[in-house]
Amino acid sequence: MSRRIRVALSGSGFRLGAHLGALQAIVDAGYEIIELAGTSGGSIVAAMYAGGMRLDDMHQLCMRMDWSPMMRFSPWAVLRFQALCTGKALEAFLKDGSGGKTFADLELDLKIVAADLLTEKEFQFSRQTTPTVPIAVAARASASIPIVFPPVSAAGALLVDGGTADNVPVSDLTVDEVPRLGIYLVSDDTALKPGTYGLSTLAPRIIDLMLAANETAHVDLDQRSGATIVRVPTGYASSFDRNMPYATRQRLYEDGYRNTQLALSSI
């Protein structure tokens, strides 16, 4: 009989392979995931898993996927939405990957975290709060990096990247006797030497810097409440690398698997 577990996936950018490795380690250890929460990149993995895509298929997709079309610059988006990309390609990908399901359609209890610009607070998509919303729309909202993607209007809110509110959404998991596990992709980047750098180098570091205090506070509270946090160092991979080398993707997957496997042995 499978042991039950509740899992939260942090923001990840295009380092999604680490989350897939973590989920595979959880399944291989004989656990049944009964609740899954995700923020930003983590919400993409969570939505596709909850929508019914097999982990093997997700792994193969992640190993070969070129994410460039999802972040293609659009002059129309700049004029219409004051953003660099429209986000339509990302939403179409998510709709296909999640089977077009709504939260009410899911067997798994899914929580997706975004940030509401109207209230300046965290916004949670779930079966209880937004049953008729497609999980693809929720993941698209949670992954809406400000300026890169336009905000998403849904459920009476105006939503952007969930990482601006809670990048490691363990606090959105139900607290009971079932173990809670947070997969936290740590951006332990090597320090740069003084000099001039382009936006492709600085952008992910700026985002990581803004999230740092948020993450530290949330993770500390989650651990105090009894959750297990799996830290997966990912500084060797850029969260903005849309078509990273296969070797880097595989390393992310293996690091996610190994660190999660180790954490599960102590639960």
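The first residue in the sequence is number 1, and the count goes up from there. Just the heavy atoms: all of them, side chains too, but no hydrogens, waters or symmetry mates, feed the values below.
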Return the [atom1] to [atom2] distance between [X] and [Y], rounded to the nearest 0.5 Å.
| X | Y | atom1 | atom2 | result |
| --- | --- | --- | --- | --- |
| Q24 | M58 | CD | CE | 10.5 Å |
| S40 | D166 | OG | CG | 12.0 Å |
| S98 | F93 | OG | CZ | 9.5 Å |
| I145 | S239 | CD1 | OG | 7.0 Å |

Would you name the heavy atoms of [X] and [Y] that are closest together and state the gap between them?
| X | Y | answer |
| --- | --- | --- |
| S142 | I112 | CB-CG2, 3.7 Å |
| P179 | I5 | O-CG1, 3.5 Å |
| A165 | A114 | CB-O, 4.3 Å |
| L106 | R127 | O-NH2, 2.7 Å |

Verify the cluster assignment for [X] and [Y]: are they in a single hydrophobic cluster under the rule of side-chain heavy atoms below 4.5 Å apart?
| X | Y | result |
| --- | --- | --- |
| I44 | V160 | no |
| L252 | L262 | no |
| L9 | Y257 | no |
| L61 | L16 | yes |
| I34 | L55 | no |

Please answer whether the main-chain N or O of [Y] pairs with a side-chain N or O of [X] as donor and acceptor at a distance below 3.5 Å.
| X | Y | result |
| --- | --- | --- |
| T129 | Q124 | yes |
| H19 | S10 | yes |
| R6 | V178 | no |
| T39 | G162 | no |
| T234 | V186 | yes |
| K95 | A136 | no |
| R180 | S225 | yes |
| D116 | L158 | yes |

The single option from Q223, R224, H218 passing side-chain hydrogen bond (donor to acceptor under 3.5 Å, both in side chains) against D220
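For D220, the side-chain hydrogen bond (donor to acceptor under 3.5 Å, both in side chains) check succeeds only for R224.
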Do [X] and [Y] have side chains that approach each other closer than 4.5 Å (heavy atoms only, starting at C-beta)?
| X | Y | answer |
| --- | --- | --- |
| M48 | D96 | no |
| L181 | I267 | yes |
| H59 | Q250 | yes |
| D241 | F14 | no |

Taking atom types as modelled, find out whether D176 and T174 have a side-chain donor-acceptor pair closer than 3.5 angstrom.
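Their side chains do not contain a donor-acceptor pair, so the 3.5 Å distance test is not met.
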State, without any angle test, whether Y236 and D255 hold a side-chain donor-acceptor pair at a distance under 3.5 Å.
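Yes, side-chain donor-acceptor contact under 3.5 Å.
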Just wondering, are more than 12 heavy atoms of other shown residues or ligands nearer than 6.0 Å to CD in Q128?
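More than 12 heavy atoms, drawn from other residues, nucleotides or ligands, come within 6.0 Å of this atom.
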Could you give me the CA-CA distance, side-chain angles and deciding distance for V152 and E91, then say whether side-chain contact (heavy atoms from CB on, under 4.5 Å) is met?
CA-CA 11 Å; V152 173; E91 187 169 332; 5.6 Å; no
Candidate pair Y184 and D222, rule side-chain contact (heavy atoms from CB on, under 4.5 Å), full reasoning:
CA-CA 12 Å; Y184 173 26; D222 294 334; over 6 Å; no
Against I183, only a single residue in T260, L23, N259 fulfils side-chain contact (heavy atoms from CB on, under 4.5 Å); can you say which?
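With I183 as partner, T260, L23, N259 yield a single side-chain contact (heavy atoms from CB on, under 4.5 Å), made by T260.
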Any cation-pi pair here, R3 with Y31, using under 6.0 Å and within 45°?
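The answer is yes; both the distance and angle limits are met.
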